[in-house]
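Remarks on the structure that follows.
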There are 2 protein chains.
Amino acid sequence: MGFQLTFKALSDPIRREILQLLRTSPLTAGEIAAHFSVSNATISHHLSILKDAELVLDEKQGKYITYELNMTVVDEILGWFYTLKGGDFNEKDN
Amino acid sequence: MGFQLTFKALSDPIRREILQLLRTSPLTAGEIAAHFSVSNATISHHLSILKDAELVLDEKQGKYITYELNMTVVDEILGWFYTLKGGDFNEKDN
DNA sequence: TAGATATTTAGATAAATATCTAAATATTAT
DNA sequence: ATAATATTTAGATATTTATCTAAATATCTA
């Protein structure tokens, strides 16, 4: 539980919007890129940051790569916020 | 509810640790700075970023400035994560 | 096998960020 | 008033980041 990659990943507005896009169902890289006005390469870069943070999972399906939200990590980060609201907190996990 | 400043503020490990320090009670800038090995000026800079994000509130008390957690904004950010978990989401608020 | 499509990787660049030291501001105490 | 203490602001610098274009890789289809 090192949260550095997770929070860094969440600090960019495009990456947060990608997560919201994936809220209802998985999408391919191209479908995701179509929602934005930056290049596909840039979206690919953002996806790799989300992947490193384990906020998304990817699955290769033939020509396409499908991305989906990883709820496990979303829940872990929620846990971090709950420590702020009075729960326990292990200082090492930051 | 523009979350950009909030998430940016949370993306630095020192700032997250400051928030955890303030979990139980308010502290002065100096008390906060004493927990870290960077200069007071640097901590002051981090505090100003947390303040801009409204994650902390400050109150001048004579020679000291006391900082405390702003739970209101913590709760707002929790709301953002809940949209990811199936709730409603207004795309403008990102 | 060639050509088309989907995605990522590489290399470059401009902007943003964290940090430092030194100086400024404000408050308290002698 | 002067000195000491607490904090912030200013200016500089090195690192990180988001973005682009062009090239590489992988898969599908005719």
Side-chain angles (χ1 to χ4, degrees), chain A residues 2-22 25-70 77 91 94, chain B residues 2-22 25-70 77 91 94:
Chain A
F3 287 118
Q4 182 56 23
L5 290 180
T6 319
F7 278 107
K8 269 281 188 244
L10 288 165
S11 74
D12 183 88
I14 287 185
R15 292 196 289 266
R16 288 196 303 279
E17 204 172 333
I18 290 174
L19 295 179
Q20 294 286 357
L21 284 176
L22 297 177
S25 69
L27 294 174
T28 67
E31 289 170 327
I32 293 166
H35 282 79
F36 299 94
S37 49
V38 297
S39 73
N40 282 24
T42 295
I43 295 298
S44 180
H45 170 246
H46 285 307
L47 287 170
S48 97
I49 288 171
L50 288 169
K51 218 169 57 174
D52 288 349
E54 296 180 90
L55 281 162
V56 301
L57 304 171
D58 64 333
E59 188 180 357
K60 184 156 197 173
Q61 289 176 336
K63 194 159 62 158
Y64 303 92
I65 299 179
T66 294
Y67 287 87
E68 70 174 313
L69 258 183
N70 181 5
I77 210 103
E91 296 210 6
N94 183 40
Chain B
F3 288 119
Q4 182 56 24
L5 289 180
T6 319
F7 278 107
K8 270 281 189 245
L10 288 165
S11 74
D12 182 90
I14 287 185
R15 291 195 289 266
R16 289 197 302 280
E17 203 171 333
I18 289 173
L19 295 179
Q20 295 286 358
L21 285 176
L22 297 177
S25 69
L27 294 174
T28 67
E31 289 170 325
I32 293 166
H35 281 80
F36 300 94
S37 49
V38 296
S39 74
N40 282 25
T42 295
I43 295 298
S44 180
H45 170 245
H46 285 307
L47 287 170
S48 98
I49 288 172
L50 288 170
K51 217 169 59 175
D52 288 347
E54 297 180 90
L55 281 162
V56 300
L57 304 171
D58 64 333
E59 189 181 355
K60 183 155 197 174
Q61 290 176 337
K63 193 158 62 158
Y64 302 91
I65 300 179
T66 294
Y67 287 88
E68 71 174 313
L69 257 183
N70 182 4
I77 210 100
E91 296 211 4
N94 183 39

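Not measured: the values here are computed from a predicted model. Letters go in sequence order (proteins before strands), and every chain restarts at 1.
To the nearest 0.5 Å, atoms NZ (A:K8) and OG1 (A:T6) are separated by 12.0 Å. Expressed to the nearest 0.5 Å, how far CD1 of A:I65 lies from CG of A:D58 amounts to 6.5 Å. Rounded to the nearest 0.5 Å, atoms NE2 (B:H46) and CG (B:D12) are 4.5 Å apart. Atom CG in B:L21 sits 7.0 Å away from atom CD1 in B:I32 (nearest 0.5 Å). In this structure, CG on B:L47 lies 11.0 Å from CG on B:D52, to the nearest 0.5 angstrom.
Comparing atom distances between the B:H45 side chain and each of D:dT8, C:dT19, D:dT19 picks out C:dT19 as nearest. With D:dC20, C:dT7, C:dA18 as the candidates, the nucleotide lying closest to the side chain of B:I49 is C:dA18. Taking only side-chain atoms of B:I14, from C-beta outward, the nucleotide of D:dA18, C:dT17, C:dT19 with the closest atom is C:dT19.
Distances shown here put a side-chain N or O of A:S39 below 4.0 Å from the OP1 or OP2 atom of D:dC20. For the OP1/OP2 pair of D:dA6 and a distance below 4.0 Å, the side-chain nitrogens and oxygens of B:K60 include no atom meeting the criterion. Contact annotation: B:T42 does not reach the phosphate of C:dT19 (side-chain N/O to OP1 or OP2, under 4.0 Å). Phosphate contact (OP1/OP2 of D:dT7, side-chain N/O of B:T28, threshold under 4.0 Å): present.
A:L50 is not listed as a side-chain neighbour of A:Y67, based on a closest heavy-atom distance of 4.5 Å or more. Using a 4.5 Å heavy-atom threshold, the side chains of B:L10 and B:F3 count as separate. Side-chain contact between B:L22 and B:E68: absent, with no pair of heavy atoms (C-beta onward) separated by less than 4.5 Å. By the 4.5 Å heavy-atom criterion applied to side chains, B:E31 and B:Y64 are not counted as neighbours. You'll find the side chain of A:L55 stays beyond 4.5 Å of the side chain of A:I49, heavy atoms only.
Residue contacts for A:S48: at a heavy-atom cut-off of 4.0 Å it reaches no nucleic acid atom on any strand shown. At the heavy-atom level, A:Y67 lies under 4.0 Å from the strands shown only through sugar-phosphate atoms. Using a 4.0 Å heavy-atom criterion, one finds that B:H46 contacts the sugar-phosphate atoms exclusively.
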task: Evaluate the side chain to side chain contact (heavy atoms under 4.5 Å, CB included) criterion for residues A:F7 and A:I77: first the C-alpha distance (whole Å), next the side-chain angles of each, then the deciding distance (0.1 Å), finally the verdict.
output: CA-CA 9 Å; A:F7 278 107; A:I77 210 103; 3.7 Å; yes
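Rounded to an integer number of Å, the gap from A:I18 CD1 to C:dT7 P is 13 Å.
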Please enumerate all protein N or O atoms sitting under 3.5 Å from an N or O of nucleotides 28-30 of chain D, with distances to 0.1 Å.
none

Distances under 3.5 Å between protein N/O atoms and the N/O atoms of nucleotides 10-13 of chain C, please, pair by pair.
none

Watson-Crick and G-U pairing of DNA chain D, under 3.5 Å, as dot-bracket with | and [ ]: ||||||||||||||||||||||||||||||
